[in-house]
Protein chains: 2
Amino acid sequence: MKKEGKTSRMRAGRAIVKSQVSDAALVTKRREQIVTAAIELFAGQGYERTTMLDIARKAGVSVGLIYQYAQTKEDVLFLSLISVLESYKQEIPRRVESADPVESLWSAIDAYVRIIDRRRSAALLSYRSTKSLPRPQRRIVMQLEVDTNDLIAARVRDCVAAGLFRDIDVELAVYQIVLHAHGWALKHWRLAQVTTIEKYIANGFDLLTRGAATPAGLLAYQRFLAERRAIPASTTLVGGRKRGARKIRK
Amino acid sequence: MKKEGKTSRMRAGRAIVKSQVSDAALVTKRREQIVTAAIELFAGQGYERTTMLDIARKAGVSVGLIYQYAQTKEDVLFLSLISVLESYKQEIPRRVESADPVESLWSAIDAYVRIIDRRRSAALLSYRSTKSLPRPQRRIVMQLEVDTNDLIAARVRDCVAAGLFRDIDVELAVYQIVLHAHGWALKHWRLAQVTTIEKYIANGFDLLTRGAATPAGLLAYQRFLAERRAIPASTTLVGGRKRGARKIRK
DNA sequence: TTGACGAATGAACACTCATTCAGTTTGGGC
DNA sequence: GCCCAAACTGAATGAGTGTTCATTCGTCAA
């Protein structure tokens, strides 16, 4: 009963990878197990240098078992990338809940950069390895990224609609933001020597906001800054407390 | 046998890759030949999927010969990455010559994005493959990137010194710019559907400048914009007209 | 207890590819 | 013309890998 039509509720992406095992719950569980191991290994040593045996060992299963839940090594990569990208889609909107468009945008950006920070090497994975996928699967991965961008785009559009931002090109602004977020992973080797994640987020947001704001927006932004300064560790400025420990100054 | 002082004139990077051939000019020529082929292949199909035989064939030499000019496949990758990164260092400053700091900054950014555009897949190479290098060589590649950043940093500092930019964090602004430039390659699959390189450059510059400018800077920027509009295809706004007519000098 | 069947195993297979090296070609000094 | 060292070649080597599949395991209904 349970394993009947419910499969169709699965993400289209995962569904295209076939499994020899019919029990849907088991498939989910095993794939999670495999993908968790795979992401760690792919991220650490790269897709090509990672052996199926490596993955099997780390997942605590046999090589043969992996081939019951995915048909090729590429499938494993595909499932891994999907898993990473979907975690973005999951986590970003969870924190957008303010009435103030500027604050909402901040929350979205702040969340994005922090998710990436939490799984930095996983974030690099898609840059490094998407090319190793066959075209149709690559398509899906890209689409997933576009979906994520839409979450940000909505927040930017709110700012424009509220008259706080000029009539900027939203799509391009979004890419500015996305690159800022991904940049934290891409250039972490250098950025970590030079700044903290809090400053990095604040700085990027500052440049963007001042660059895009109308006079009214600038006022709103300054109000936002003042508030934030008044409540330095408010609930919206989530986590990241200990993170600040590093303080190499320019 | 006769390792002369000539070798020491070579870039520190290249020098650490040993060659069995002593004739320095020949080494340069052959390596160029090999690296040209390698870059194309690495960029197109990835480092791991490219075989030494592929490289040899494309370069028009034998496999064995490659091993006389590099000791391992990793060496070939290293030489390739160096060659790409050094071309940035070469080309960026070539166009910085204006008295107006804003215009100089524009030229630098414009040049950077266009170099990357010209060799897009090569630009991706370093993101995808740096991880495949042994640590000491990776160091050198990273240092090369930092060097390039300094060229941009100098231009930003000029703007600050001239009172056109606020007292922003230069290092972070530079990374904003670098990500903007690299972003053109990283996200080209999407950006190309949505905009042109001219708009992309202008948009990024606009956001950055408005975000960083002092009131005086804003005026200077607007003056700059007006000038640019008056002379739509001036000498400083290089190329960008006919894409087909490329004349890469190397 | 038995039979049946899906799940799990891992040794074996077929193949790929970086690297080596025994041999051939080239060029220039006598 | 002869010689020799440097430059170059490419077949051979062997370590390593994705994938398969004959076999074993675990569970549960009869």
Side-chain angles (χ1 to χ4, degrees), chain A residues 1-4 7 17-35 37-38 41-42 45-80 129 132-134 137, chain B residues 1-4 6-7 17-35 37-38 41-42 44-80 129 132-134 137:
Chain A
M1 321 291 116
K2 299 188 169 217
K3 63 180 177 175
E4 296 292 284
T7 329
V17 176
K18 273 156 202 142
S19 168
Q20 317 231 5
V21 177
S22 49
D23 179 346
L26 183 56
V27 170
T28 304
K29 181 190 136 198
R30 286 294 196 209
R31 282 188 172 173
E32 231 162 66
Q33 200 179 349
I34 294 164
V35 161
L41 289 164
F42 290 160
Q45 31 176 208
Y47 171 70
E48 310 276 358
R49 305 181 98 89
T50 300
T51 299
M52 292 303 268
L53 188 59
D54 289 341
I55 300 174
R57 276 214 253 272
K58 176 150 245 160
V61 300
S62 66
V63 199
L65 181 134
I66 298 180
Y67 281 90
Q68 303 215 298
Y69 295 90
Q71 294 185 89
T72 62
K73 190 185 175 190
E74 280 170 356
D75 278 349
V76 177
L77 174 60
F78 178 62
L79 291 172
S80 302
S129 309
S132 301
L133 287 179
Q137 305 195 349
Chain B
M1 318 307 184
K2 66 179 331 192
K3 43 174 192 160
E4 300 287 273
K6 298 217 167 179
T7 333
V17 176
K18 273 154 203 144
S19 169
Q20 317 240 1
V21 177
S22 49
D23 179 347
L26 183 56
V27 170
T28 304
K29 180 190 138 200
R30 285 293 195 211
R31 282 188 174 172
E32 229 163 66
Q33 199 179 351
I34 295 164
V35 161
L41 289 163
F42 290 160
Q45 33 177 204
Y47 170 70
E48 312 273 359
R49 304 181 103 89
T50 301
T51 68
M52 293 302 270
L53 188 60
D54 288 341
I55 300 174
R57 276 215 249 271
K58 175 150 246 158
V61 300
S62 68
V63 205
L65 181 133
I66 298 180
Y67 281 89
Q68 300 211 297
Y69 294 91
Q71 295 186 100
T72 61
K73 190 185 176 191
E74 279 169 356
D75 278 348
V76 177
L77 173 61
F78 177 62
L79 290 172
S80 303
S129 309
S132 300
L133 288 180
Q137 305 195 350

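Letters A, B, ... mirror the listed sequences (proteins, then strands); counts begin at 1.
- Among all heavy-atom pairs drawn from A:V63 and A:L53, the shortest one is CG2-CD1, 3.7 Å.
- Rounded to an integer number of Å, the gap from CG of B:L41 to C1' of C:dC17 is 15 Å.
- The residue among A:Y47 and B:S62 whose nearest nucleotide of DNA chain D lies closer to the 5′ end is B:S62.
- Taking all atoms of both residues into account, the shortest heavy-atom contact from B:P134 to B:E74 is CD-OE1, 3.5 Å.
- Looking only at side-chain heavy atoms (C-beta outward), B:F42 and B:S129 stay at 4.5 Å or farther from each other.
- Residues from residues 65-78 of chain B that place a heavy atom under 4.0 Å from any atom of DNA chain D, listed by number: B:L65, B:Q68, B:Y69.
- Annotation for B:V17 and B:R31: closest pair O-NH2, 3.0 Å, computed over non-hydrogen atoms.
- In this structure, A:T50 reaches the sugar-phosphate backbone alone: every heavy-atom distance under 4.0 Å involves primed, P, OP1 or OP2 atoms, never a base.
- Using a 4.0 Å cutoff on non-hydrogen atoms, the parts of residues 51-61 of chain A near DNA chain D are A:T51, A:M52, ordered by number.
- Nucleic acid contact for A:R30: sugar-phosphate only, since backbone atoms but no base atoms lie under 4.0 Å from a heavy atom of the residue.
- A:E48 has its CD atom 13 Å from the C1' atom of C:dC17, to the nearest Å.
- Put simply, the side chain of B:Y47 does not reach to within 4.5 Å of the side chain of A:E48, judged on heavy atoms.
- At least one side-chain heavy atom of A:Q137 sits less than 4.5 Å from a side-chain heavy atom of A:D75.
- Residues A:A59 and A:Q33 share a closest heavy-atom pair of O-NE2, 3.1 Å.
- Nucleic acid contact for B:V63: base, since at least one base atom lies under 4.0 Å from a heavy atom of the residue.
- Atom-to-atom, CG of B:L26 to P of C:dT26 comes out at 15 Å; the value is rounded to the nearest Å.
- A pairwise comparison of heavy atoms in A:A56 and A:S62 identifies CB-C, 3.7 Å as the closest pair.
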